[in-house]
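See structure below.
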Protein chains: 2
Amino acid sequence: MMAQFKPYKSKRSFEEISNEIKTHIFQGLLKPGDKLPPETEIAHQFNVSRQTIREAMRILEQCGFITIQQGVNGGPLIVDTILNRLGKLFIDIFHFKKISPNELTEARFDIEKVMLHHVIDRADDSDLEGLTKNVRRAKEKIKNNKSPFGENIAFHKLLAGASKNYVYVIVIEAIMAVVSDFHSKLEKVNFERSRKITKYHEDILEAIIERNLERSVSLFEKLLVEVRAVMLGQ
Amino acid sequence: MMAQFKPYKSKRSFEEISNEIKTHIFQGLLKPGDKLPPETEIAHQFNVSRQTIREAMRILEQCGFITIQQGVNGGPLIVDTILNRLGKLFIDIFHFKKISPNELTEARFDIEKVMLHHVIDRADDSDLEGLTKNVRRAKEKIKNNKSPFGENIAFHKLLAGASKNYVYVIVIEAIMAVVSDFHSKLEKVNFERSRKITKYHEDILEAIIERNLERSVSLFEKLLVEVRAVMLGQ
DNA sequence: TCACATTTGTCCGTATGTATC
DNA sequence: AGATACATACGGACAAATGTG
């Protein structure tokens with residue numbers, strides 16, 4: 001049987017238009033910070049109706065390439081919130097597929113532990129400084145009896161950056177979005193556990209500064225125990 | 001300074017409507033295979049205009065929750081193409097962030113190697129059967145002088161399934177989408193390398209059946225060399 | 001503070017294309 | 001082949017938001 005050539009699906013103008021604009025972004029002709037003309041103007045340029053443009057905007061918005069503001073000087077603005085969108089999609093997937101906290105935690109730490117190899121090899125002074133500041137801020141929050149949750153999440157994103165492999169940045173960003181979403185639905189957050197987690201972060205950072213892979217991985221194992229408990233609401 | 005409370009952004013009806021429908025899907029009130037009423041009917045039910053519904057549909061489409069068909073008995077259909085959408089978004093990210101094939105390959109094999117631990121532990125007969133069939137199909141294609149590329153990609157997705165951790169399924173699905181996209185833009189595919197890759201897959205499968213972690217990981221290292229070469233267009 | 005201009009958000013009516021029966 | 005049902009697309013209108021003078 002011959003290959004079936006599908007009609008490339010897109011007979012839909014709004015799809016072609018959103019793809020066109022995407023291409024412009026990929027080629028750097030449109031950069032974050034640039035403004036698109038108002039809907040009516042875009043519609044005029046593409047010679048389509050405003051409705052068609054609006055549907056194209058919905059797609060670009062959903063991809064994280066534009067935000068839209070009303071009013072004078074408003075209109076579509078090119079932005080880079082694509083990792084944000086990825087996080088949202090991950091959250092959707094986890095809801096839809098009903099993935100357990102245990103699965104998430106297992107895979108997360110698996111991945112972070114192999115990532116740690118690269119961090120130990122490649123973290124530079126700027127990375128270490130960022131991590132140090134992160135831990136300091138977390139400890140201050142604890143002193144003030146506030147939850148260091150935001151900082152604890154950020155710690156792992158900073159680690160991903162220090163791996164110098166952007167794929168890890170993407171994957172960890174997505175996973176951490178799910179972790180955050182999960183936590184936001186927990187009734188109580190055990191403060192003592194949060195304190196312990198920050199303490200482990202401090203120790204892990206120390207091990208990284210010493211370029212001590214073995215110790216950092218072993219500390220990660222201990223961290224895993226705490227995080228797993230938190231994820232189970234204990 | 002007091003905390004700034006943003007107006008939760010969504011005063012936009014199409015957003016609220018798409019969220020409403022999403023919630024129905026998450027709660028299982030709408031399942032893949034179910035059909036939504038036509039636009040006019042949905043518009044009537046929500047008491048909004050058709051344009052508003054159309055924009056909500058664009059969002060749901062982009063999330064991978066619905067497809068839309070024209071014609072009699074057409075309309076919005078609940079589907080589960082969310083992993084597909086994730087792959088597309090990953091491809092966008094890789095284009096946008098201009099991530100190198102080397103980064104992708106490094107992280108990919110890091111992750112697959114730790115995943116392999118779980119595969120060795122947890123793969124059941126059905127998994128092994130699926131993998132066996134996959135390798136058989138790939139070898140047949142090679143015999144017929146066809147590229148086994150599709151099967152080679154599928155091999156890794158099957159491995160992810162055999163890890164019994166759905167997080168790996170998601171991550172590998174996303175990564176493989178990027179790999180496929182990358183390959184589709186390569187001019188020539190070195191047939192000899194494809195043959196070697198399939199051969200390694202066969203050996204890896206054998207090692208998994210023997211529950212031989214060490215051997216399977218070491219074979220993965222060799223596979224990495226071949227894949228890296230392909231990714232560099234060599 | 002108060003208009004005013006700009007731009008998105010939303011509505012209605014209508015016409016056209018497309019797939020199914 | 002023709003009728004039906006649905007999405008796609010157009011044009012015009014008004015409301016709501018937002019920055020400017």
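Heavy atoms only: backbone and side chains are in, while hydrogens, waters and symmetry mates are out. Below, chains carry the letters A, B, ... as their sequence lines are ordered, and counting in each starts from 1.
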- Task: Select from Phe14(A) and Gly74(B) the residue whose nearest nucleotide in DNA chain D is closer to the 5' end of that strand.
- Result: Gly74(B)
- Message: How many whole angstroms separate atom CD1 of Ile66(B) from atom C1' of dA7(D)?
- Response: 12 Å
- Task: Hey, can you tell me if Phe155(A) and His201(A) have their rings parallel, tilted or perpendicular (30° and 60° cut-offs)?
- Result: parallel
- Distance in angstrom units between Met57(B) CE and dA9(D) P, rounded: 16 Å
- Does the pair Ile25(A) and Phe96(B) meet the rule for a side-chain contact (heavy atoms from CB on, under 4.5 Å), with working shown? CA-CA 8 Å; Ile25(A) 295 173; Phe96(B) 193 41; 3.5 Å; yes
- Task: Give me the residues of residues 34-51 of chain B where at least one heavy atom lies under 4.0 Å from an atom of DNA chain D, by number, or none.
- Result: Pro38(B), Glu39(B), Arg50(B)
- Message: Could you check whether any side-chain N or O of His183(B) sits under 3.5 Å from a backbone N or O of Val179(B), counting only pairs where one atom can act as donor and the other as acceptor?
- Response: yes
Within the sub-3.5 Å range, which N or O atoms of nucleotides 17-19 of chain C have a protein N or O partner, and how far apart are they?
from, atom 1, to, atom 2, distance (Å)
dT18(C), O4', Gln70(B), OE1, 2.8

- Item | Neighbour count above 12 (heavy atom, 6.0 Å) for Glu103(A) CD | yes
- Message: Taking 4.0 Å as the cut-off, does a side-chain nitrogen or oxygen of Thr52(A) come that near to OP1 or OP2 on dT8(D)?
- Response: no
- Message: Is Arg58(A) close enough to dT8(C) that one of its side-chain N or O atoms is under 4.0 Å from OP1 or OP2 there?
- Response: no
- Message: Tell me if the centroids of the rings in Phe26(A) and Phe94(B) come within less than 6.0 Å of each other.
- Response: no
- Taking the side chain as every heavy atom from C-beta outward, state whether Thr52(A) and Ile17(A) have any atom pair closer than 4.5 Å. yes
- Note on the structure: Arg54(A) CZ to dT7(C) P, in whole Å, measures 14 Å
- Task: Let me know the distance between CG of Leu77(B) and C1' of dC6(D), rounded to the nearest Å.
- Result: 14 Å
- Flag yes if more than 12 heavy atoms outside Asp124(B) fall under 6.0 Å of its CG atom; otherwise flag no. yes
- Would you kindly give the CD1-to-P distance between Ile17(B) and dG9(C), to the nearest whole Å? 14 Å
- Query: At under 4.0 Å, does any side-chain N or O of Asn73(B) touch on OP1 or OP2 of dC6(D)?
  - Reply: no
- Message: The test is side-chain contact (heavy atoms from CB on, under 4.5 Å); show your working for Leu77(A) and Asp34(A) and say whether it passes.
- Response: CA-CA 6 Å; Leu77(A) 176 72; Asp34(A) 292 351; over 6 Å; no
Donor-acceptor contacts under 3.5 Å from residues 137-151 of chain A side chains, at least two apart:
from, atom 1, to, atom 2, distance (Å)
Lys139(A), NZ, Glu202(A), OE2, 2.7
Asn144(A), ND2, Glu140(A), O, 3.4
Ser147(A), OG, Phe149(A), N, 3.2

